[in-house]
Student: 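Okay, handing you the structure first.
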Amino acid sequence: MKKGQGKQLRVMTFFPPFVILTAFVVISLINQEAFLGLINSINDWIIANLGWAASILALVIVVVTIWAMFSKFGNVRIGGEDAKPELSNFAWFTIALTTTMAAGVLFWGPGEPIAHFMYPPTELYGVEPMTAEAMKFSMETMFLHWTIVPYCMYALPAVVFAFMYYNAKKPYSIANEISPLLGERVYSHRWMQIIDGITLFAIGAGMAGSVAQAFMNISGGISKLTGLPSDPRLWLMVGIVLSVVTVTTAVSGIQKAMKHVSNINVYGFAIFLFFLLVTSNASFLFNLSTESLGGFAGTFIERILITGASQESQWPQWWTTFYWFSWMAWAPTSGAFMGRIAYGRKVKTILGMYVGVCASISAIWMVLVSGTALWVQKAGLADLCASYDMGVENVPYEMLSALPGGFIIIPLFVILIFLSTVTACNSNAIAMAGISASGISPENPEPPMWLKCVWGIIPMAVGYIMIAAVGINGVKIIANFGGMFAALIMIGAAGSLVVLIKRHKKFDKTLSGQPVGQVESAE
């Protein structure tokens, strides 16, 4: 079959999430007051009623993922024993890392620790603001929010999707992530449409939140370099450029521009981290991080399950629960993409890459980036607390300006944000476009270009509307929306991984001699 042939739009999968996400844009333009009232009411309900469920699910996902890594299922090769990887180890690593790190870690890495240092939940832990205890609490929280938990959330659906797509020969559908648990019924026309439609809305909302962070962060850098105000007009210009580059690289496919952008991005990360190591106080960073790592490990279960109900605190909902919902919003679709590029590798290798290598690099990022922000504040080199109150996007640039040669590295930081956002968004645009079309298979994996364009642009528009209308809390609100729906898929994915750990041979058609790569076509 020639490239592009045999692919048709899955109407009931594509249009419901497309219409809902587009409605966000249209309603906000028609009546912003009614729009804000509606989204705030929905968000308040999510926070009040579903925070506990997100916390429990996060812990379950971590436990099941680690179990899978050390089980017999971990020795299963995606695609069958004779399958060979299509990407080199380095290309796989760079795409996996940049797809998952994205703009969020660049946005929150410097700013979030300052927020926790200034405004710790004293009512929950007795930590007073602006104290040594608050500094330690801040780093513990960064390890909680940005290391093993999010990468387990990404890795779990990736492994299930990859096994069911390549080994069980199932269609390119998010239904793969829950079918071991729920059975063949999920591949019926109706259920596949519902499951994939829910997922498209979830990732569309998740992408909107992430790109909104990027708009603000890139604009903060441009403002620092040029003096232009970081306001909705500058955010709009940044968003237009990001949309164009995202669509261009997504259309080119994984093996072309996307792979090269990821490689450049990883080299940029390395240069940036080395700069911080050399120009900050390395001894302080490593000492603070070592004791904070101990606190993180010792209180992990307590902290991952905190809801704040006993003290009527909203802090867990606006931070920890926000992150759990945010990661879940990305996870099903990112899982489809990450599972697709994991062909030819063993399950334990995939989990080792995502949960081991990528999570460890994220931890190193927090040690150097978050630690530097706290050190700059502690040493009095800059008032990052005042910068945070002016807007979280100002913090990284004030931090870098306080370091020797900081103005030289600021342009690199802006470029890293730009490239990270492009890599994350075009990987998801490719996955979303694939989910929206029938006829996707290992031999014919690229979805229609126009679908990549649609899913590269719509989340950008929603993200802009949310920060222009609500500000930084708009990022959290839209992430909560997406995560609430994606959590349903993640529950099924966690149960499905348990089933595969115990009975994966029941589903593995590569064991019966069926040619590798032959799959059923989606409806």
Student: Can you tell me how far the OG1 atom of Thr333 sits from the CZ atom of Phe161, to the nearest 0.5 Å?
Tutor: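 One gets 10.0 Å once the value is rounded to the nearest 0.5 Å.
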Student: About how many Å separate CE of Met118 and CD of Gln377, when rounded to the nearest 0.5 Å?
Tutor: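 Gln377 CD to Met118 CE: 8.0 Å, rounded to 0.5 Å.
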Student: Got a second to check how far Asn394's CG is from Met399's CE, nearest 0.5 Å?
Tutor: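 One gets 13.0 Å once the value is rounded to the nearest 0.5 Å.
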Student: How far does CG of Leu242 sit from CZ of Phe418, to the nearest 0.5 angstrom?
Tutor: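 Taking CG in Leu242 and CZ in Phe418, the distance rounds to 4.5 Å.
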Student: Are the side chains of Val266 and Phe93 in touch, meaning some heavy atoms are under 4.5 Å apart?
Tutor: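 Of all side-chain heavy-atom pairs linking Phe93 with Val266, at least one is under 4.5 Å.
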Student: Quick one: does NZ or CZ of Arg10 land under 6.0 Å from the six-membered ring centre of Phe15, within 45 degrees of the ring axis?
Tutor: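 Because its charged atom misses either the 6.0 Å distance or the 45° angle limit, Arg10 does not stack over Phe15.
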Student: To check you understand the geometry: which heavy-atom pair defines the closest contact between Tyr172 and Ile435, and what is its length?
Tutor: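 For Tyr172 and Ile435, the tightest heavy-atom pair comes out as CE2-N, 3.9 Å.
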Student: Considering non-hydrogen atoms only, spot the tightest contact between Val160 and Ala493 and give its length.
Tutor: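 What the structure gives for the nearest pair is CG2-O, 4.0 Å.
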Student: Going from CZ on Phe137 to OG1 on Thr122, what distance comes out if it is rounded to the nearest 0.5 angstrom?
Tutor: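 So the gap between those two atoms works out to 9.0 Å.
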Student: Look at the rings of Tyr388 and Tyr119 and say which category their plane angle falls in: under 30° parallel, 30 to 60° tilted, over 60° perpendicular.
Tutor: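 Tyr388 and Tyr119: tilted rings.
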Student: Who are the side-chain hydrogen bond (donor to acceptor under 3.5 Å, both in side chains) partners of Ser387, not counting sequence neighbours?
Tutor: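 Checked Ser387 against side-chain hydrogen bond (donor to acceptor under 3.5 Å, both in side chains); zero matches.
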Student: For Trp318, does the CH2 atom sit with more than 12 other heavy atoms under 6.0 Å from it, leaving out its own atoms?
Tutor: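 Enclosed: over 12 neighbouring heavy atoms sit under 6.0 Å from CH2 of Trp318.
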Student: Compare every heavy atom of Phe272 with every heavy atom of Leu400, then report the nearest pair and how far apart it is.
Tutor: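 Of all heavy-atom pairs spanning Leu400 and Phe272, the closest is CD2-CE1, 3.8 Å.
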Student: Working to the nearest 0.5 Å, report the span between CE of Met139 and CZ of Phe143.
Tutor: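 If I round to the nearest 0.5 Å, the distance is 4.0 Å.
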Student: Minimum heavy-atom separation for Ile304 and Trp324, please, with both atom names.
Tutor: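 Here Ile304 and Trp324 meet closest at O-NE1, 3.5 Å.
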Student: Does a side-chain N-to-carboxylate-O contact under 4.0 Å join Lys170 and Glu184?
Tutor: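 Yes, Lys170 and Glu184 are salt-bridged.
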Student: Do the side chains of Ser219 and Glu393 get nearer than 4.5 Å, heavy atoms only?
Tutor: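 No. Closest side-chain heavy atoms not under 4.5 Å.
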Student: One pair to check against side chain to side chain contact (heavy atoms under 4.5 Å, CB included): Met207 and Trp455. What are the steps and the verdict?
Tutor: CA-CA 10 Å; Met207 281 179 63; Trp455 291 125; over 6 Å; no
Student: Applying side chain to side chain contact (heavy atoms under 4.5 Å, CB included) to Phe337 and Ile341, what does each step give before you reach the verdict?
Tutor: CA-CA 7 Å; Phe337 178 81; Ile341 65 174; 4.1 Å; yes
Student: Measure the shortest side-chain to side-chain distance between Leu384 and Phe117 over non-hydrogen atoms and say whether it is less than 4.5 angstrom.
Tutor: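 A side-chain contact under 4.5 Å is absent here.
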Student: Which pairs pass salt bridge (Lys or Arg N to Asp or Glu O under 4.0 Å) with one or both residues in residues 354-373, sequence neighbours excluded?
Tutor: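 Sorted pair list comes back empty.
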Student: Using the test side-chain hydrogen bond (donor to acceptor under 3.5 Å, both in side chains), find all partners of Glu291 that sit at least two apart in sequence or belong to another chain.
Tutor: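 Per chain and number, Glu291 pairs via side-chain hydrogen bond (donor to acceptor under 3.5 Å, both in side chains) with no residue.
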Student: Please name all residues satisfying salt bridge (charged side-chain N to carboxylate O under 4.0 Å, His left out) with Asp383, sequence neighbours left out, ordered by chain then number.
Tutor: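 Once residues adjacent in sequence are excluded, Asp383 has no partner under the salt bridge (charged side-chain N to carboxylate O under 4.0 Å, His left out) criterion.
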Student: Could you give me the CA-CA distance, side-chain angles and deciding distance for Met366 and Val105, then say whether side chain to side chain contact (heavy atoms under 4.5 Å, CB included) is met?
Tutor: CA-CA 9 Å; Met366 296 309 151; Val105 72; 3.2 Å; yes
Student: Report yes or no: do Glu123 and Trp315 form a side-chain donor-acceptor pair below 3.5 Å?
Tutor: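 Judged by distance alone, the side chains do not pair up.
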Student: Answer yes or no: is there a side-chain heavy-atom contact under 4.5 Å between Trp327 and Ile61?
Tutor: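 When only atoms from C-beta onward are counted, Ile61 and Trp327 do not touch, as no gap falls below 4.5 Å.
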Student: Check whether any side-chain heavy atom of Leu182 lies under 4.5 Å from a side-chain heavy atom of Arg185, and answer yes or no.
Tutor: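 Leu182 reaches Arg185 side chain to side chain.
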Student: Scan side-chain atoms only and decide if Glu112 and Tyr323 contain a donor-acceptor pair under the 3.5 Å cut-off.
Tutor: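 The criterion, which ignores hydrogens and geometry beyond distance, is satisfied for Tyr323 and Glu112.
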Student: So, do Leu200 and Ser436 sit near enough that their side-chain heavy atoms are less than 4.5 Å apart?
Tutor: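 Yes. Closest side-chain heavy atoms under 4.5 Å.
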Student: What are the two closest non-hydrogen atoms of Pro120 and Val127, and how far apart are they?
Tutor: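 Smallest heavy-atom distance, with atoms named: CG-O, 3.5 Å.
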Student: Salt bridge (charged side-chain N to carboxylate O under 4.0 Å, His left out) with Lys136: which residues, sequence neighbours excluded?
Tutor: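 Expected list: Glu140.
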Student: Hey, can you tell me if Phe18 and Phe14 have their rings parallel, tilted or perpendicular (30° and 60° cut-offs)?
Tutor: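 Rings of Phe18 and Phe14: parallel, as their planes differ by under 30°.
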Student: Do Ser179 and Tyr187 have side-chain N/O donor and acceptor atoms under 3.5 Å apart?
Tutor: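 There is such a pair between these side chains.
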Student: Where is the tightest heavy-atom contact between Phe413 and Leu106, given as atom of each residue plus distance?
Tutor: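 Looking at all heavy atoms of both residues, the shortest contact is CZ-O, 3.4 Å.
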Student: Where does the angle between the aromatic ring planes of Phe163 and His504 fall among parallel (under 30°), tilted (30 to 60°) and perpendicular (over 60°)?
Tutor: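 Answer is perpendicular, since the angle exceeds 60°.
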Student: Are any non-hydrogen side-chain atoms of Trp67 and Val498 less than 4.5 angstrom apart?
Tutor: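 The answer is yes; the side chains approach within 4.5 Å.
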Student: Would Tyr354 and Tyr151 count as a close aromatic pair, with their ring centres under 6.0 Å?
Tutor: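 Not close enough - the centres of the two rings lie 6.0 Å or further apart.
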Student: Applying side-chain hydrogen bond (donor to acceptor under 3.5 Å, both in side chains), name anything that partners Trp319, two or more places apart in sequence or on another chain.
Tutor: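 Partners of Trp319 under the side-chain hydrogen bond (donor to acceptor under 3.5 Å, both in side chains) test: none.
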Student: Hey, are the side chains of Thr141 and Arg303 touching, using non-hydrogen atoms and a 4.5 Å cut-off?
Tutor: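 Side-chain contact under 4.5 Å: yes.
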Student: I'd like to know if the side chain of Thr65 reaches the main chain of Leu156, judged simply by a donor and an acceptor atom lying under 3.5 Å from each other, with no hydrogens or angles considered.
Tutor: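 No, because the side chain of Thr65 does not come within donor-acceptor range (under 3.5 Å) of the backbone of Leu156.
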Student: Centres of the Phe300 and Phe296 rings: under 6.0 Å?
Tutor: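 So the answer is yes for these two rings.
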Student: Which is it for Ile491 and Leu181 under the side chain to side chain contact (heavy atoms under 4.5 Å, CB included) test, yes or no, and what are the steps along the way?
Tutor: CA-CA 10 Å; Ile491 292 170; Leu181 179 67; 5.9 Å; no
Student: Between the side chains of Ser230 and Trp235, does any donor sit under 3.5 Å from an acceptor?
Tutor: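 Yes - a donor-acceptor pair under 3.5 Å links their side chains.
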